[in-house]
Peer 1: 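Handing you this structure, nothing more for now.
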Amino acid sequence: MATNEWVEDLKEVLLTNSKAEEILIDIRRALNIDGDVIYETIDKYNLGYFTLRNLQNWLEDTVHFKLNETESKLVLARYDRDGDYKLSR
């Protein structure tokens, strides 16, 4: 693949990601989801963090949604800022 093609592909991926973020924000607003309330519910011991397993259990118990391995990796990649497998505020 030529360098220009690679750059164009990367540009397209970044634009798609940006659009997906905008869509996600719009959906959150439309659904009137309070992330703080959800966070506090999952972090029931008020530790300031919760694990991926805590999130997986909450999703399965509350909304009957099971994260697959790929989705779990995406959650960690996005929200685990320091690589400790915890999702902190």
Side-chain angles (χ1 to χ4, degrees):
M1 179 182 287
T3 303
N4 287 340
E5 289 178 58
W6 183 86
V7 170
E8 288 301 314
D9 287 347
L10 179 59
K11 181 179 173 183
E12 189 64 33
V13 167
L14 294 173
L15 286 172
T16 301
N17 185 50
S18 177
K19 290 176 187 176
E21 280 295 317
E22 291 173 16
I23 292 168
L24 182 58
I25 290 168
D26 290 344
I27 290 170
R28 283 186 194 137
R29 286 186 184 136
L31 293 174
N32 200 20
I33 295 174
D34 188 340
D36 289 327
V37 171
I38 293 171
Y39 191 97
E40 290 166 7
T41 301
I42 299 170
D43 179 20
K44 58 186 167 191
Y45 299 111
N46 202 25
L47 299 171
Y49 69 87
F50 55 85
T51 64
L52 179 62
R53 173 58 56 205
N54 297 136
L55 175 61
Q56 290 169 326
N57 290 341
W58 181 83
L59 286 170
E60 287 179 39
D61 295 344
T62 307
V63 295
H64 309 292
F65 181 80
K66 184 172 177 132
L67 285 177
N68 65 36
E69 185 177 341
T70 300
E71 293 162 337
S72 297
K73 287 178 183 177
L74 289 171
V75 168
L76 285 176
R78 179 180 172 110
Y79 297 108
D80 181 16
R81 295 180 208 134
D82 58 4
D84 64 355
Y85 296 95
K86 297 176 184 172
L87 292 91
S88 306
R89 281 193 183 249

Peer 1: Would you find a donor on one side and an acceptor on the other, under 3.5 Å apart, between the side chain of Thr41 and the backbone of Val37?
Peer 2: yes
Peer 1: Please check if the number of heavy atoms outside Phe65 that lie under 6.0 Å from its CZ is greater than 12.
Peer 2: yes
Peer 1: Which residue pairs pass the salt bridge (charged side-chain N to carboxylate O under 4.0 Å, His left out) test when at least one of the two sits in residues 50-67, sequence neighbours left out?
Peer 2: none
Peer 1: According to a 4.5 Å side-chain heavy-atom criterion applied to Ile, Leu, Val, Met, Phe, Trp and Tyr, with indirect links allowed, do Tyr45 and Trp58 form part of one hydrophobic cluster?
Peer 2: yes
Peer 1: What pairs with Tyr49 under ring-ring contact (aromatic ring centres under 6.0 Å, His included), at least two apart in sequence or on another chain?
Peer 2: none
Peer 1: Mind checking side chain to side chain donor-acceptor pair (under 3.5 Å) for Thr51 and listing every partner two or more places apart, or none if nothing turns up?
Peer 2: Asn54
Peer 1: What residues form a side chain to side chain donor-acceptor pair (under 3.5 Å) with Ser88, not counting sequence neighbours?
Peer 2: none
Peer 1: Would you check if Glu22 and Ile25 make a side-chain contact, meaning some heavy-atom pair closer than 4.5 Å?
Peer 2: no
Peer 1: Quick check for you: to the nearest 0.5 Å, what is the distance between Ile42 atom CD1 and Leu59 atom CG?
Peer 2: 6.5 Å
Peer 1: Is there a path of hydrophobic side-chain contacts, each under 4.5 Å between heavy atoms of I, L, V, M, F, W or Y residues, that connects Leu24 with Leu31?
Peer 2: no
Peer 1: Walk me through whether Leu52 and Tyr85 qualify under side-chain contact (heavy atoms from CB on, under 4.5 Å).
Peer 2: CA-CA 7 Å; Leu52 179 62; Tyr85 296 95; over 6 Å; no
Peer 1: With heavy-atom distances below 4.5 Å as the criterion, would you say the side chains of Leu74 and Leu67 are in contact?
Peer 2: no
Peer 1: Go through the steps for Phe50 and Tyr39 under the test side-chain contact (heavy atoms from CB on, under 4.5 Å), then give the verdict.
Peer 2: CA-CA 8 Å; Phe50 55 85; Tyr39 191 97; 3.1 Å; yes
Peer 1: If you look only at pairs with a residue in residues 32-45, which of them pass as a salt bridge (charged side-chain N to carboxylate O under 4.0 Å, His left out), with sequence neighbours excluded?
Peer 2: Asp36-Arg89, Glu40-Arg89
Peer 1: Provide the full list of salt bridge (charged side-chain N to carboxylate O under 4.0 Å, His left out) pairs with a residue in residues 67-80, sequence neighbours left out, each pair given once.
Peer 2: Glu21-Arg78, Glu69-Lys73
